[in-house]
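Side chains are part of it too, since the values below use all heavy atoms of this structure and drop only hydrogens, waters and symmetry mates. As the structure lists them, so they are numbered: ligands from 1, and atoms in each ligand from 1.
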Amino acid sequence: MNKRTTLSLKSPAKASPAKAAAPKMRASHARELKPAPQTSFQTGLKPDSLAFSLIGAAHAVAQVRTGTNLPQALAQVWGRQETLPQARGAMQDIAYRAMRQLGQSEALVALMAPKAPEPLVSALLSCALALMTAPDETPPYEEFTIVDQTVTAADAHPDTARAKGMVNAVLRRFLRERKALLDAALIQPVAKWNYPQWWIDAAKAAWPQDWQGVLATGNTAPPLTLRINARKTTMEQYLATLDAAGMAATRIGPYAVRLAKPVGVALIPGFGDGLVSVQDAGAQLAAPLLDVRDGMRVLDACAAPGGKTCHILELADADVTALDADAKRLVRVGENLERLQLKAALQPADAQSAGWWDGQPYDRILADVPCTASGIVRRHPDIRWLRRKGDTLQLATLSGKILDNLWQMLAPGGKLLFVTCSLWPQESEAQAAAFAVRNQAARLDAPGQLLPAGGAGQDHDGLFYALFQKNA
Ligand SMILES: C[S@@+](CC[C@H](N)C(=O)[O-])C[C@H]1O[C@@H](n2cnc3c(N)ncnc32)[C@H](O)[C@@H]1O
């Protein structure tokens, strides 16, 4: 993949007389030497214009194409220049849409552009095309506004200005020949499904009956699902609170409420007071499955940001250790515990090792192991473009080691819940089966693979659950 984000060059240092005689490099060659990304260039565009949001979103999309995850890429864009909250929201919306339609947009550009555009130009076109082909009933912007603002954005940045004419030509041609171009592009599976080919092949192999639904659900916008804090309120009370606030909502699980219209956390009634947390309905199955009772010693071995840790503590007065290899992410567990007024010991450590363990066995262990996250692409549409095929095996090897290590720490008769947010059996069912054989672990009843499901009634991400018990 091309790691350059710009065509611009740093000015070469002044040549010394001796060097002046050296043979001249061809321009194309010299350009490879010192590309200087102009990421902090101030465009002078109005901060509340669509053009400003488009160029910001394009920077983030281009960063994803070089391996940065989208939240981090957006944070970098926002950090570089003063971005109003409204523009942040617009950039985020455009960039997330662009991720969900990247296969289609890149195929359209390949059909229309005379040669492969530079990364930022390509990303800008992908952002514009995502808006022009938005699946919404009411498109977010008028098509001619999108073209006009994309050309304005291209003109305002040195890395795209030279391509302004091409950007204009491509987008206008798309408006004129939309149907024929889409028909031609959508012959390619990557354009039709908006996932890399290896991902489409993996979904077909794993779920021959369901792969189309699985891929399509992954391209929808996620719901906002809340978890009721059983220590502070009840389902009935909280539904009444939402009703009084004029917010339509549906109960979709014992503790799960899906808001009809997603809002920022600041607008969720009682969020600051810990009445509810944001958590997918599928993820809310973990704490009840673990069957924790008061006084038990519990290890949440891959805990950050702490959604499941907090749910466990909302259901029982347990002695919980929340462990995570990433000390920075563990800080977020602390923040969530504080908001909910709950307590757990925070342990920055590697769940593959026992060096941190005091030797006292745990009654319950939650192993929500690192995985490809292929089941949560609704929320993280960049994941499909960031992952590589080989990641599945690499992560399955790591999680196998984590599971074997944790099993040594489980008390006789204790239970270990293995969770992934993956759709790939190599990381989930095959891993669970191999683990049971290696450790002679008894397998208890658990949901197994939950494929992602959208819709008002049963809306959840793709997760895998396997529950094991140690012989007493
Ligand atoms: C799927 S997330 C956990 C989500 C969390 N259980 C929740 O519900 O909020 C996986 C976590 O595993 C952590 N992790 C990755 N490798 C690890 C390791 N070797 N030991 C411990 N934690 C690890 C990551 O930092 C990440 O926070």
Given L226, D243, N229, the one that forms side chain to side chain contact (heavy atoms under 4.5 Å, CB included) with Y238: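 Filter result, single survivor: L226.
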
Check against salt bridge (charged side-chain N to carboxylate O under 4.0 Å, His left out), K232 and D273: CA-CA 9 Å; K232 295 204 171 203; D273 297 329; over 6 Å; no

N/O to N/O below 3.5 Å, does that happen between [X] and ligand 1?
X    : value
D324 : yes
R329 : yes
L323 : no
V369 : no
C421 : no

Those residues that, when tested against D210, pass side chain to side chain donor-acceptor pair (under 3.5 Å) (two or more places apart): none

Non-neighbouring partners of Q449 that pass side chain to side chain donor-acceptor pair (under 3.5 Å), sequence neighbours left out: none

Atom NZ of K192: over 12 foreign heavy atoms under 6.0 Å: no

Exceeds 12 heavy-atom contacts within 6.0 angstrom, atom CG of D445: no

Ligand 1 contacted by G306 (non-hydrogen, < 4.0 Å):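 Under 4.0 Å: yes for G306.
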
Ligand 1 contact by A349, heavy-atom criterion under 4.0 angstrom: yes

Output field: ring centroids W199/W385 closer than 6.0 Å: no

Salt bridge (charged side-chain N to carboxylate O under 4.0 Å, His left out) evaluation trace for D201 with K389: CA-CA 10 Å; D201 295 342; K389 194 176 174 190; over 6 Å; no

Nearest-contact summary for [atom] - protein heavy atom, Å:
atom                    : answer
atom 19 (N) of ligand 1 : D350 OD1, 2.8 Å
atom 1 (C) of ligand 1  : D368 O, 3.7 Å
atom 12 (O) of ligand 1 : C302 CB, 3.3 Å
atom 20 (N) of ligand 1 : A351 N, 2.9 Å
atom 23 (C) of ligand 1 : A325 CB, 3.6 Å

Option nearest atom 15 (C) of ligand 1 (shortest heavy-atom distance, choices P370, S422, A373): P370

Shortest heavy-atom approach to atom 5 (C) of ligand 1 - which of A301, A304, A286, G307: A304

Ring-face cation of R443 near F435 (centre distance under 6.0 Å, axis angle within 45°):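 Checked: cation-pi criterion not met.
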
Value rounded to 0.5 Å, distance of CD in Q104 from OG1 in T133: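 If we round to the nearest 0.5 Å, Q104:CD and T133:OG1 are 4.5 Å apart.
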
Which segment of I402 sits under 4.0 Å of ligand 1 when only heavy atoms are counted: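 Just the side chain.
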
Residue D326 vicinity, atoms of ligand 1 by number, heavy atom under 4.0 Å: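 Close to D326: 25 (O).
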
